[in-house]
Amino acid sequence: MSQPVTLHLRAETKPLEARAALTPTTTKQLIQAGFKIYVEESEQSAFKSEEYAKVGATIVPAGSWKQAPLDRIIIGLKELPEEDTFPLIHEHIQFAHCYKDQGGWQEVLSRYARGNGKLYDLEFLENEQGRRVAAFGFYAGFAGAAIGVKDWAFKNTHADSEEMPGVTPYGSETALIEDVAADIKKAVAKGAKLPTVLIIGALGRCGSGATELLIKAGIPEANIKKWDMKETAKGGPFQEIADADIFINCIYLSKPIPPFINYELLNKPTRRLRTVVDVSADTTNPHNPVPIYTIATTFPKPTVVVPTTAGPKLSVCSIDHLPSLLPREASEFFSRDLLPSLLQLPNRSTASVWTKAEKLYRHHVKRLNRTQKL
């Protein structure tokens, strides 16, 4: 390596976030390529500190990135705690959720600008063809579909006064599939018919993951309606959503679009829809195409009830870190795809994936400066 790079993997602070941007597998490959890797201790990570130490990483206390030397690049996944406001002085690789006018985006972005730091947002790391180099979409869809089916089954086996209980991460994909399949069998034994599921964004990574879970859990393909840009081109709202038992939104929202569903459709007594899974979880985005909820749900409380005046009980799952339901598999999948780009970090001043990410960061800082002058 012409320019040795030091990466500092920070411990995630978002509750129940068990994924990691680097796994022991990818850490070993980076060290073999000449990188120096520091890994923070983490009680909630799916990976133990010993696994990282075994491959050559240096283990450091949680939160030590704040005092780390400036030459370290801080890498993580989810956003930093909202209560922290100190300027960020390092280069950071993470999902920051501040480029699409999300609630509080100015405060988040200003921390990097005030500290003369830099943000390489994982959501916007793209190759020369404009395609994301790494994404959690497949396992987001997979996990979202699992929770959607579990909620549907719960509604068919319990009274409306009861809420679906919390969920915790599964040790394996197989364990999750078996659990969902068991819930379906309980619902069918109570007289329920297998659900019809409408997926919007079915052709992408996320939609593919949702479809795979549904099929592996025992829902026939004939019961799965797969919509993408062709089917939604006319613009919503769509009666077909209200006619399905489960609706899973898997789109990547890049521009304002008409809502997919509205209360006029939801308040019809003929509505079949019982469960909405908004995998995209653009909860604070003013252009959210599923404008029927206002909070991000969590693993301890996976769903929130939608107030309707007619039809069966309806709930939304809007968990924004769904892949954490399968933290090890999701992390390995993501980190493996991210690795080729990380290996280009020694030449990040010329490597297109990093120059594009920095250019985008600079663009939004300028936009931030304009909004602050208004």
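The first residue in the sequence is number 1, and the count goes up from there.
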query = Does atom CG of N116 have more than 12 heavy-atom neighbours, drawn from other residues, nucleotides or ligands, at distances under 6.0 Å?
reply = no

query = Is it the case that more than 12 heavy atoms not belonging to E264 sit under 6.0 Å from its CD atom?
reply =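 No.
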
For a 4.5 angstrom cut-off between non-hydrogen side-chain atoms, does [X] reach [Y]?
X: L368; Y: S110; answer: yes
X: I199; Y: C250; answer: yes
X: L9; Y: T27; answer: no
X: R367; Y: Q106; answer: no
X: V180; Y: K216; answer: no
X: E123; Y: R132; answer: yes
X: I319; Y: P302; answer: yes
X: F142; Y: L322; answer: no

Can you tell me if [X] and [Y] form a side-chain donor-acceptor pair at under 3.5 Å?
X: K155; Y: S315; answer: yes
X: T355; Y: S352; answer: no
X: Y99; Y: D121; answer: no

Check ion pair [X]-[Y] (N to O, under 4.0 angstrom):
X: K28; Y: E51; value: no
X: R348; Y: E91; value: yes
X: K356; Y: E126; value: yes
X: E332; Y: R336; value: no
X: K226; Y: E231; value: no

task = Spell out, yes or no, whether V188 and M164 are grouped together once hydrophobic residues are joined by side-chain heavy atoms under 4.5 Å, including indirect joins.
result = yes

request  = Flag yes if L338 and L30 sit in one hydrophobic cluster, no otherwise; membership is Ile, Leu, Val, Met, Phe, Trp, Tyr, and two members link when side-chain heavy atoms are under 4.5 Å apart.
outcome  =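 The answer is yes; both residues are in one hydrophobic cluster.
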
Atom of [X], atom of [Y] and distance for their closest heavy-atom approach:
X: Q344; Y: A351; value: OE1-CB, 3.3 Å
X: A11; Y: S42; value: CB-CB, 3.9 Å
X: V353; Y: V133; value: CG2-CG1, 4.0 Å
X: F299; Y: S324; value: CE1-CB, 3.8 Å
X: C98; Y: L119; value: SG-CD2, 4.0 Å
X: Y112; Y: A96; value: OH-CB, 4.2 Å

Measure up the [X] and [Y] rings against each other and bin them: parallel (under 30°), tilted (30 to 60°), perpendicular (over 60°).
X: F136; Y: F334; result: parallel
X: F95; Y: H97; result: parallel
X: F260; Y: F247; result: perpendicular

inquiry  = Run R19 and E12 through salt bridge (Lys or Arg N to Asp or Glu O under 4.0 Å) and show every step you take.
reply    = CA-CA 8 Å; R19 293 173 295 169; E12 298 296 328; over 6 Å; no

Let me confirm one number: the [atom1]-[atom2] distance from [X] to [Y], rounded to the nearest 0.5 Å.
X: L214; Y: I177; atom1: CG; atom2: CD1; answer: 11.0 Å
X: N262; Y: F238; atom1: CG; atom2: CZ; answer: 11.0 Å
X: L77; Y: S331; atom1: CG; atom2: OG; answer: 6.5 Å

key: Pairs satisfying side-chain hydrogen bond (donor to acceptor under 3.5 Å, both in side chains), at least one member in residues 186-201, at least two apart   = T196-D245

What donor-acceptor contacts under 3.5 angstrom involve side-chain atoms of residues 66-75, with partners at least two apart or in another chain?
| unit_1 | atom_1 | unit_2 | atom_2 | d |
| --- | --- | --- | --- | --- |
| R72 | NH1 | H8 | ND1 | 3.1 |

ask   = Think K150 forms a cation-pi with F154, using NZ or CZ under 6.0 Å from the six-ring centre and within 45 degrees of its axis?
value =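 The answer is no, since K150 fails at least one limit relative to F154.
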
K100 NZ/CZ over Y252 ring centroid, <6.0 Å and within 45° of normal =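 Yes; both conditions hold, so K100 lies above the ring face of Y252.
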
